[in-house]
Q: 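Encoded as structure tokens, here's the structure I'll be asking about.
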There are 2 protein chains.
Amino acid sequence: MLSKKQNILVAALQLFSAEDYHGVSTNKIAKAAGVSEGLIFKHFTNKEGLLQAIVDEGEQRIALMFSSLLKETHPQSILDMYISAPFEVQENEYDFWRLQFKLKWHDKYYNPKKLDNIKSKITYAFEELGYAFPKEEAEALIFLIESISIGILRDGKAKHNHQKAFLLKKYKQQNQDIHDNS
Amino acid sequence: MLSKKQNILVAALQLFSAEDYHGVSTNKIAKAAGVSEGLIFKHFTNKEGLLQAIVDEGEQRIALMFSSLLKETHPQSILDMYISAPFEVQENEYDFWRLQFKLKWHDKYYNPKKLDNIKSKITYAFEELGYAFPKEEAEALIFLIESISIGILRDGKAKHNHQKAFLLKKYKQQNQDIHDNS
DNA sequence: ATTTATAGTAAGTGATTACTCACTTATGTT
DNA sequence: AACATAAGTGAGTAATCACTTACTATAAAT
């Protein structure tokens, strides 16, 4: 069983991911969490403090999620793992990711440096595989996977499975010789 | 000089694109537009009617924007035009596009069929150019351009110009023979 | 000239908002 | 046992919310 504090965090995450920040009242959160409204302010000072707590928890969660990718050294595996990543996400984590993508529009909560180490890892993989423009390839792939992730969150995995297969094939080692098109 | 009705639409678009729907009060809109709050309800019935009016206006605007692309028949030109599209957008249209992307999270205002004719146009281009998986290539390119568009809206064009050059090169006809990697 | 309709305003309305405060209950600590 | 501290509640609060209403000004239509 969860603590009441955790109940608040879970309920707030669910609501914030479904509606917008100002559309979710503290009253609604309290009812969904089964606690008194005042408790929210005891634990998180104010409504924004609650959102910040959710964001902070999220940063750790993301770091954990990509830790195995960052440990990987085999270039082809790095690409395969990264392409597959959005399809490995459990459905009960969708709320969390929906909120993450929504917050990208708020300068306050968007930290572009969060992806820097992943970006350099992907760049490294493209370098090793002999691509002519590894940095650009990495950026393009990251963008592409981001869009697919959003698509999955909206329509479900099933509708995007063929794209996974397509991309895994497209970025296979065997094609390496063709990338240096100078 | 704009009519007061248009003033409301302009002010609301700007505010809705910057904050979330419930975070923008009708009072704030009225002040920004320089009209009385009541006038909003005279013209648009309620707050949602105002948003709907903005969305409706937007659909036309998008149709207009892609009309030249849909008329194009030369496959390579189709790809070039589509890749360049987000870089052709004027800065004073950024608010409009920001709102469009934000609304993608609201089932109510998101219409996936809106892009169907563009998708088939891009697919056609890839077919003509001899790509092995034209449908998948089209989907991937559309996703990629969508992500880049979001990036531009957040960081400005300058930060993404090298991606434009990279993609134009990557999708050049001369590479066609390499795509059929069966 | 009088009606009709539209554009526009200012001052409201009850409901809801984020947040506070006085208070009670539970959990340790010495 | 006594005491401090944290967890939790429920009834407030002023401010703000979307929206309404009664009203005036303008202008075209009969």
Side-chain angles (χ1 to χ4, degrees), chain A residues 1-58 60 95 98-99 102-103 105-110, chain B residues 1-58 60 95 98-99 102-103 105-110:
Chain A
M1 189 202 164
L2 297 168
S3 73
K4 294 206 168 186
K5 187 174 177 181
Q6 284 170 316
N7 281 342
I8 294 171
L9 286 167
V10 170
L13 170 60
Q14 194 268 311
L15 290 168
F16 282 146
S17 78
E19 301 172 59
D20 47 86
Y21 177 77
H22 290 96
V24 178
S25 68
T26 49
N27 181 306
K28 218 187 282 183
I29 296 169
K31 276 179 182 159
V35 301
S36 68
E37 207 177 337
L39 190 59
I40 293 173
F41 298 91
K42 271 274 154 65
H43 281 308
F44 306 101
T45 313
N46 52 32
K47 192 183 171 184
E48 250 200 60
L50 171 56
L51 179 57
Q52 188 62 60
I54 292 172
V55 170
D56 290 345
E57 226 186 35
Q60 298 174 254
D95 282 343
R98 243 186 293 269
L99 182 60
K102 271 191 168 188
L103 289 177
W105 292 103
H106 292 267
D107 302 344
K108 194 171 174 182
Y109 298 105
Y110 175 63
Chain B
M1 190 201 162
L2 297 169
S3 74
K4 294 207 168 186
K5 187 175 178 180
Q6 284 170 314
N7 281 343
I8 294 170
L9 285 167
V10 170
L13 171 59
Q14 194 267 311
L15 289 168
F16 282 145
S17 78
E19 301 173 61
D20 48 83
Y21 177 76
H22 290 96
V24 179
S25 69
T26 50
N27 181 306
K28 217 188 279 186
I29 296 169
K31 277 180 180 158
V35 301
S36 67
E37 206 177 335
L39 190 59
I40 293 173
F41 297 91
K42 271 275 153 66
H43 282 308
F44 305 102
T45 314
N46 50 33
K47 192 183 171 183
E48 251 201 60
L50 171 56
L51 179 58
Q52 189 63 59
I54 293 173
V55 170
D56 291 346
E57 226 185 36
Q60 298 174 252
D95 282 344
R98 243 184 294 267
L99 182 60
K102 271 192 169 190
L103 288 176
W105 292 103
H106 293 267
D107 303 345
K108 194 172 175 181
Y109 297 105
Y110 175 63

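Note on naming: letters A, B, ... go to the chains in the order of the sequence lines (proteins, then strands), and numbering restarts at 1 for each one.
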Q: By the 4.0 Å heavy-atom rule, please label A:K47 as base, sugar-phosphate, or nothing.
A: sugar-phosphate

Q: For the side chain of B:K42, starting at C-beta, report the closest nucleotide among D:dG8, D:dA22, C:dC19.
A: D:dA22

Q: Can you tell which of D:dG8, C:dA7, C:dT17 lies closest to the side chain of A:K4?
A: D:dG8

Q: Under 3.5 Å, is there a donor-acceptor pair between the side chain of A:Q6 and the main chain of A:S3?
A: yes

Q: Main chain of B:F16, side chain of B:E19: is a donor-acceptor contact present, judged purely on distance under 3.5 Å?
A: no

Q: Can a donor-acceptor pair be found, under 3.5 Å and without considering hydrogens, that links the side chain of A:K47 to the backbone of A:Y21?
A: yes

Q: Of the nucleotides D:dG8, C:dC19, C:dA7, which has the atom closest to the B:L39 side chain?
A: C:dA7

Q: Using whole Å, report how far CG of A:N27 lies from C1' of D:dG10.
A: 12 Å

Q: When the distance from CG of B:N7 to P of C:dA7 is rounded to whole Å, what number comes out?
A: 14 Å

Q: Whole angstrom is fine here: how far is it from CG in B:L50 over to P in D:dC19?
A: 10 Å

Q: Roughly how far apart are A:L50 CG and A:F41 CZ, rounded to 0.5 Å?
A: 9.0 Å

Q: For C:dA18 and A:T26 - does any side-chain N or O of the residue sit under 4.0 Å from the phosphate oxygens OP1/OP2?
A: yes

Q: Just so I know, are the side chains of B:F44 and B:L9 near enough to count as touching, which here means a heavy-atom distance under 4.5 Å?
A: yes

Q: C:dG8, D:dT9, C:dT20: which one has an atom nearest the side-chain heavy atoms of A:F41?
A: C:dT20

Q: Between A:K28 and A:G23 (side chain of the first, backbone of the second, donor and acceptor by atom type, cut-off under 3.5 Å), is there such a pair?
A: yes

Q: Does D:dA6 have OP1 or OP2 under 4.0 Å away from a side-chain N or O of A:H43?
A: no

Q: Which nucleotide, C:dC19, D:dT9, D:dA18, lies nearest any side-chain atom of A:V35?
A: D:dT9

Q: Over all strands shown, is A:H22 touching base, sugar-phosphate only, or nothing at heavy-atom distances under 4.0 angstrom?
A: nothing

Q: Quick one: A:Y21 OH to C:dA18 C1', roughly how many Å, whole number?
A: 9 Å

Q: For C:dT16, does either OP1 or OP2 sit under 4.0 Å from a side-chain N or O belonging to A:S25?
A: no

Q: With distance as the sole criterion, is a donor-acceptor pair present between the side chains of B:Q52 and B:D56 under 3.5 Å?
A: yes

Q: Atom CD of B:Q52 to atom C1' of D:dA18: distance rounded to whole Å?
A: 18 Å

Q: In residues 8-20 of chain A, what residues come within less than 4.0 Å of DNA chain D, judged by heavy atoms?
A: none

Q: Expressed as a whole number of angstroms, how long is the span from B:K5:NZ to C:dA7:C1'?
A: 11 Å

Q: Is the shortest side-chain N to carboxylate O distance from B:K108 to B:E48 below 4.0 Å?
A: yes

Q: Whole Å only: how far is the CD1 atom of A:I40 from the P atom of C:dT17?
A: 12 Å

Q: Could you check how far CD1 of A:I29 sits from P of C:dT17, rounded to whole Å?
A: 11 Å

